[in-house]
Protein chains: 2
Amino acid sequence: MIQKECKYWIPGHSIDCVVLGFENNILKVLLLKMRHSEKWSLPGGFIKKKEDLDAAALRALSDRTGLKSIYLSQFHTFGAYERRGKSEVDRLMHEIGQLNKTVAQWLSNRFLTTGYFAFADVQKARPVPDFISEKAEWVAIDELPTLIFDHLEIINKALQHIKLKLNYLPIGDALLPPKFTMAMLQKLYETILGRALDRANFQKKMLKLGIFDRLEKLKTGAANKAPYLYSFHRKKYERVLKEGIGYL
Amino acid sequence: MIQKECKYWIPGHSIDCVVLGFENNILKVLLLKMRHSEKWSLPGGFIKKKEDLDAAALRALSDRTGLKSIYLSQFHTFGAYERRGKSEVDRLMHEIGQLNKTVAQWLSNRFLTTGYFAFADVQKARPVPDFISEKAEWVAIDELPTLIFDHLEIINKALQHIKLKLNYLPIGDALLPPKFTMAMLQKLYETILGRALDRANFQKKMLKLGIFDRLEKLKTGAANKAPYLYSFHRKKYERVLKEGIGYL
DNA sequence: ACAAAAGTGTTATCCTTACACCCATGT
DNA sequence: ACATGGGTGTAAGGATAACACTTTTGT
């Protein structure tokens, strides 16, 4: 069935998704472990002959995560001639060739790839490996394993891009659970920006935006004051996001 | 010769360049007038089978402008299935088919296109039309003629992108002549940002960056005080640009 | 003398930063 | 009582915005 599908795909162009999640105050990325190799790869896919590029990315994403509505945005197209590395392509195609010659042949050609980044709720996502990988997992962004091809470069470019457009991206809404504390939101900003932020000032700056609903307190059982939980006020959130939120 | 070249190009993927220039205080874009049609198009090109995507963009650009060193950056890949419009492709291919069937055939397939934007010195550029266009010209950004396919969308996306990354782009250095006045620089910022800026504050803000060399005064012959000319102090300019210049 | 554009100065306001202080909670 | 983390307050410094004032130039 994969074999037959090759005919329905545009040749020479792939999609790679940098899917980010936030769990236990750690930023994570969804990765696939290759079969017959110690390397990992980004979830990706190909474009059907009559399919929009964006639609293909959405499809790839929903195939790997089971999620349909998700924040997704294109950030860069990678087109260096030898971006996949000659020896690595050879080795990989040898492995795949054992399973399916047609597919291996098709994959061994040159590929441009368009990178998308996405924000997913780690709780809701159900990672599913594709046919050339053996498992799909969330991996902490600062403990990345060895990746195939230029996938590390793709991840780094995605993070750089996100950092730059941070103020216009719905990171809070898309990466946090419906109810969250200011400390969680702050940690999220800190990991993405890569620097510490002042607790008091962060809180005041955020609250002044007027996009939060303050909810009940969260009792953690720890020996300290219980923090408030917050949720985003949809309408206000979207209005403010257009103008840009937070830190530059 | 174009016919033969088709074999050396990657099929289904093109490049389109939004080349900006600044002349007489007006922001301009380089456009090509199609043969046999009232429509205009962006200068573009295709990718050789063993060529980096970025290299292809540079080549396309130097072919159309005669400029080799130029600021060039990718901003988006357009991949909507019918982005070129069925009827428009048909009509165009009919015209081209008269000249060269092979090329027309090749062009009638689906294409993804990667958009690049570039900053060029209008004085130094020598616009050269390609084989399907009859002339190449600088056109004021707010007096655009009818464009083929989705080229208007591509231009708008480029401008939007530039606006967002303004602080990190060498617009002054790349778009102004070696010697320029503060008024010119301000007008440039104003056109890109789409809003007026306070003259006094602009001047102070810019000068405080410490990236300019103040030169002689410019005598215009007008009945008013002569403004100073400035040039960028290379080293300081590059250092400051990394941190971000100007307005957000 | 005058208009027009350039250069510089002044002020109020806002935002950022750094830190201080008190509050709630479980041991 | 006390350690711990959460919420709020304050004061200094810097950036921004609005506008006034002076200077230069050619008619």
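Each chain gets a letter, A, B and so on, in the order its sequence line appears, and its residues count up from 1. Reckoned from all heavy atoms, side chains included, excluding hydrogens, waters and symmetry mates.
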Measure [atom1]/[X] against [atom2]/[N] and give the value in whole Å, please.
X         : N       : atom1 : atom2 : value
Met206(B) : dA15(D) : CE    : P     : 15 Å
Arg199(A) : dG7(D)  : CZ    : P     : 8 Å
Leu218(B) : dG26(D) : CG    : C1'   : 15 Å
Phe202(A) : dG5(D)  : CZ    : P     : 18 Å
Lys225(A) : dA24(C) : NZ    : P     : 6 Å
Leu229(A) : dG6(D)  : CG    : P     : 12 Å
Gln203(B) : dA18(D) : CD    : P     : 18 Å
Leu207(B) : dA15(D) : CG    : P     : 15 Å

Discussion item. Measuring from atom CG of Leu58(B) to atom CG of Leu53(B), what distance do you get when rounded to the nearest 0.5 angstrom?
Written reply: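 So the gap between those two atoms works out to 10.5 Å.
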With a 3.5 Å cut-off and just heavy-atom distances, do the side chain of Asn201(B) and the base of dA17(D) make a donor-acceptor pair?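 Under the 3.5 Å cut-off, the side chain and the base do form a donor-acceptor pair.
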### Message
For Lys204(A) and Pro227(A), find the nucleotide of DNA chain D closest to each by heavy atoms; which residue's nucleotide sits nearer the 5' end?
### Response
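Per heavy-atom nearest nucleotide, the more 5' residue is Pro227(A).
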Practice item. Please check the phosphate of dT25(C) (OP1 and OP2 only) for any side-chain N or O of Lys219(A) closer than 4.0 Å. Key: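 Yes, such a contact exists.
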Within the structure, does a side-chain N or O atom of Lys205(B) lie under 4.0 Å from either OP1 or OP2 of dT16(D)?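 The answer is yes; a side-chain N or O of Lys205(B) sits under 4.0 Å from OP1 or OP2.
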Go through [options] for me and flag the one nearest to the [X] side chain.
X         : options                  : answer
Asp198(B) : dA18(D), dA6(C), dA5(C)  : dA18(D)
Ala200(B) : dT8(D), dA20(D), dT10(C) : dA20(D)
Ala223(B) : dT8(C), dT25(D), dA5(C)  : dT25(D)
Ala226(B) : dG7(C), dT25(D), dC15(C) : dT25(D)

task: Fit a plane to each ring of His13(A) and His13(B), take the angle between them on a 0 to 90° scale, and name the class: parallel (under 30°), tilted (30 to 60°) or perpendicular (over 60°).
output: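 The rings of His13(A) and His13(B) lie parallel, inter-plane angle below 30°.
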- prompt: Parallel, tilted or perpendicular for Phe119(B) and Tyr71(B), by the 30°/60° rule?
  reply: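 The arrangement is parallel - the two ring planes meet at less than 30°.
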Quiz prompt | Minimum side-chain heavy-atom gap Leu31(A)-Leu144(A) below 4.5 Å | solution =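 Heavy-atom side-chain distance check passes, below 4.5 Å.
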Heavy-atom side-chain proximity of Leu30(B) to Lys28(B) below 4.5 angstrom
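No. Closest side-chain heavy atoms not under 4.5 Å.
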